[in-house]
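First up is the structure itself, then whatever we jot down about it.
We name chains A, B, ... by the order of the sequence lines, and we start the count at 1 in each one.
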Amino acid sequence: MAVQYLNVVNRDQCIGCFSCMYACSRMVRNAGGSGKAALRVKGYAGVEGAFSIRVCARCEDPDCAKACPTGALTPAPNGGVRLKKDLCISCGACVKACAISALQWDEEERQPIPCIFCGQCVKYCPNDVLAMTEKPEGEDRR
Amino acid sequence: MTGRTLHVDLGSGTGRILDDGPAFSEWLGGSAAATELLFRHGDPKGDPLAPESPVIFAIGPFSALFPVATKTAALFKSPLTGELGESHAGGRLAMSLREAGIDALVITGRADRPSYLAIENDTVAVKSASTFWGQSATATDRILREAESKTGRKISVVRIGPAGERLSPMACATVDGSRHFGRLGLGAVLGSKNLKAIVVSGTKTLPLANPKEFKAVYDVLYDRVVRSKEMKKYHDLGTAANVKPLSMIRGLPTRNFSQGNFEGADAISGERFAEKFLVQHTACAHCQCGCIHLAELREEFAPYHYSTNRVSYDYELIYAMGSMLSLSSPEDILKLLLATEKQGWDVISLGCTLAWATESFLRGNLSLEETGGLSLSFGDGAAYLEVLERTAKGQGEFYRDLEKGCAFCSGKYGGEEWAVQYGGAEPGGYMTGENFAVTCMMGVRHSHLDDTGYSIDQKLLNAAQPLEDQVRAQVKEAQWRMVLNSLMICLFARGVYDEEVILRGLDALGLEWDAEKLQTMSEKALLRKYEWKALCGFDHGSVKIPEKMYSVQTATGLMDRDSLEERLRLYREYAGLKS
Ligand code: SF4
Ligand code: SF4
Ligand code: SF4
């Protein structure tokens, strides 16, 4: 199968239900709640109903991995990153290096949460905001 | 669900974690568990606005785990009715409490100066709110969302507006984006504690006892939420869809319950609001339905200069500020709703009280002297806006009294016959007949949501049903809602959550319940609430309906005294109450 990208295709249809985040935590990490999601839905103070969805861009040369001082976070062969948990020193440099704030932080484990592009979040979005696509498309994504 | 309770004493500014496990294992959680905590911490004889009077928030076992378990229960002694105060709100509060690992939050005491409470996981801080005491509920949200935002974290902000600070017994507490603990005056209780706001955030996740079964149950629910017709209607037009059909059957309270059909119903229908004003749907955290409808109100404040505000609307709001006041312009309604939202009033109580005042004025019961020269008349949106402004500023005794509700005002100024309130609480927007009247009188919260009286009335239009069966169905529903309200499921999802899937869900979480245990709990929980009400002095045998209601046509015709009496008798019998 071709490499899949996670895309925000209909940002303005988002209702801010967080179903995608709950899905990622539940399906990928077996956790109840939303705290282990590899994506984030953000609202804005004072702008009721405006949401921005931050998903991993599956970079070929990821800034987050470059920022990692220990080699715990490394580029994956087809873009994106993978994490060697035992090398991670919880410094948070990776998350800070991601300009689009897509790389999420697991507050319990104190480690980043790399997206695995499995598409579970897409499946549980009731409003077709997210899609798995073969190319990283579009310019009004987040 | 472990019954981990955070007890905050505002007097000393400290918080401690208590184990209330038994309340949760015996009573499921949410509304029923909170009732037990109210028995434990509250004095039914006490002053609702005294420092020691507790506010109890509780969530349920499904919170943050299953879809649409979005509600948090707040229990307190109501300054409006003087008995059980209970109100439920959505937003992100349930999620945040769960992720902070808190199943119940008990707040007592009074802070020595304007304060807000910041809860982050296990840390509790009482912080100064001196700089924004007096600010609107909307401004307070903007302020705290910035002050308390952690990198990217989702926080929940519960706050009161100036109405709560003034201790108006119809003040609400607003949660996140346009969700409310609307009814029975929680805002005043928080105000009396000098508590402007509560901010909650957490970072915990929950281990799953049986992930495979959990996911299977989740998928059943998800499918129902996303695909069922039941929930779709709440998303599409929302509850505002009811404006037209209810008016058509004479069930839409108009001009202070004078009639049930409003000639302006088309103009303020859900369809009209959606076509002309709806700009966005939003959702409570973990609800894929998204029933929150935001309208855009654009106003010209100077030639070619406009201000724009987003205002949420739904059926009850359109009833309270629309048909009740004979307003058939959505803009007029939205302006009143915006003012209400900023002040932090309960819109149902406020709308009913404005309608009472208007009828009183028209009957000559109130004079220009009392209203400070302002003529009140149904349909005059500008005058109502002026009333709200004077009330907010406390301009004169009459306006200071107005925000104390129908019962208080009619007690003082007369006009009790047309003050539409039941046990001190103003009703939801239904003029369907006797079943609804019984809901208002007997419902533990005097709320249309306590059972399903208004829909039983509507079914009678298609097929007659013996009176006993109607009342039995009503009581059964009141009991069943003890289960839903203890799981803290949004009642819009009541069609999604049947007993079978609830038991499967509880089982997947490793909680031991069966049908019989649920049934017993629901019956007992209802009685426990009546017990607390009785201790407060509420007598379910003597609650009355406003005299006016006997002379108006409801959807099912005129109400009959004897039949109503019989219904109340049966209600008490079926619920197991001693007369
Ligand atoms: S937090 Fe871990 S993965 Fe991220 S940069 Fe630091 S060591 Fe690397
Ligand atoms: S694609 Fe999979 S791992 Fe990535 S955000 Fe969605 S659910 Fe999580
Ligand atoms: S599931 Fe879809 S609609 Fe809901 S928050 Fe995520 S992207 Fe938005």
- Message: So for Gln288(B), is it side chain, backbone, both, or neither that comes closer than 4.5 Å to the heavy atoms of chain A?
- Response: both

- Query: What is the distance from atom NZ of Lys342(B) to atom CG of Asn309(B), rounded to the nearest 0.5 Å?
  - Reply: 5.5 Å

- Item | Exercise: identify the closest heavy-atom pair between Leu487(B) and Pro61(B) | CD2-CG, 3.6 Å

- Query: Most heavy-atom pairs under 4.5 angstrom with chain A, which of Ile143(B), Val157(B), Thr282(B)?
  - Reply: Thr282(B)

- Side chain, backbone, both or neither: which part of Lys123(A) has an atom under 4.5 Å from a heavy atom of chain B? backbone

- Which residue out of Arg98(B), Lys204(B), His235(B) racks up the most heavy-atom pairs below 4.5 Å with chain A? Lys204(B)

- Item | Residue pair Thr72(B) / Ala94(B): nearest heavy atoms and the distance that separates them | OG1-N, 3.3 Å

- Identify, with sequence neighbours excluded, every residue that meets side-chain contact (heavy atoms from CB on, under 4.5 Å) alongside Ala295(B). Phe277(B), Tyr313(B), Leu334(B)

- Task: Answer with yes or no whether the side chains of Asp223(B) and Tyr218(B) bring together a donor and an acceptor at under 3.5 Å.
- Result: no

- Query: Measuring heavy-atom distances to chain A, does Phe214(B) have an atom under 4.5 Å in its side chain, in its backbone, in both, or in neither?
  - Reply: side chain

- Does Asn7(A) reach the main-chain N or O of Lys135(A) with its side chain, forming a donor-acceptor pair under 3.5 Å? yes

- Query: Which of the residues Leu144(B), Asp219(B), Thr138(B), Val226(B) is involved in the greatest number of heavy-atom pairs with chain A at under 4.5 angstrom?
  - Reply: Asp219(B)

- Note on the structure: So, the part of Arg92(B) with a heavy atom under 4.5 Å from chain A: the answer is side chain

- Bottom line for Ser101(A): the part with an atom under 4.5 Å from chain B's heavy atoms is neither

- Distance from Arg58(A) atom CZ to Leu6(A) atom CG, nearest 0.5 Å? 10.0 Å

- Measure distances from Met27(A) to the heavy atoms of chain B and classify the residue's part below 4.5 Å as side chain, backbone, both or neither. both

- Can you name the side chain to side chain donor-acceptor pair (under 3.5 Å) partners of Asp106(A), sequence neighbours left out? Lys36(A)

- Message: With chain B as the partner, which of Gly35(A), Gly16(A), Ser34(A) has the greatest number of non-hydrogen pairs under 4.5 Å?
- Response: Ser34(A)

- Going by residue number, which parts of residues 172-179 of chain B are within reach of chain A, meaning a heavy-atom gap below 4.5 Å? Gly177(B), Ser178(B)

- Message: Regarding Glu148(B) and Arg145(B), does a basic nitrogen lie under 4.0 Å from an acidic carboxylate oxygen?
- Response: no

- Item | Within the 6.0 Å centroid threshold, strictly below: Tyr5(A) and Phe117(A) | no

- Output the option from Gly32(A), Ala31(A), Gly33(A), Cys14(A) having the highest count of non-hydrogen pairs under 4.5 Å with chain B. Gly32(A)

- Message: Checking Arg224(B) now: which residues fulfil side chain to side chain donor-acceptor pair (under 3.5 Å) with it, not counting sequence neighbours?
- Response: Asp498(B)

- Query: Out of Leu65(B), Val225(B), Leu206(B), which one racks up the most heavy-atom pairs below 4.5 Å with chain A?
  - Reply: Leu206(B)

- Sub-6.0 Å ring centroid separation between Tyr22(A) and His286(B): yes

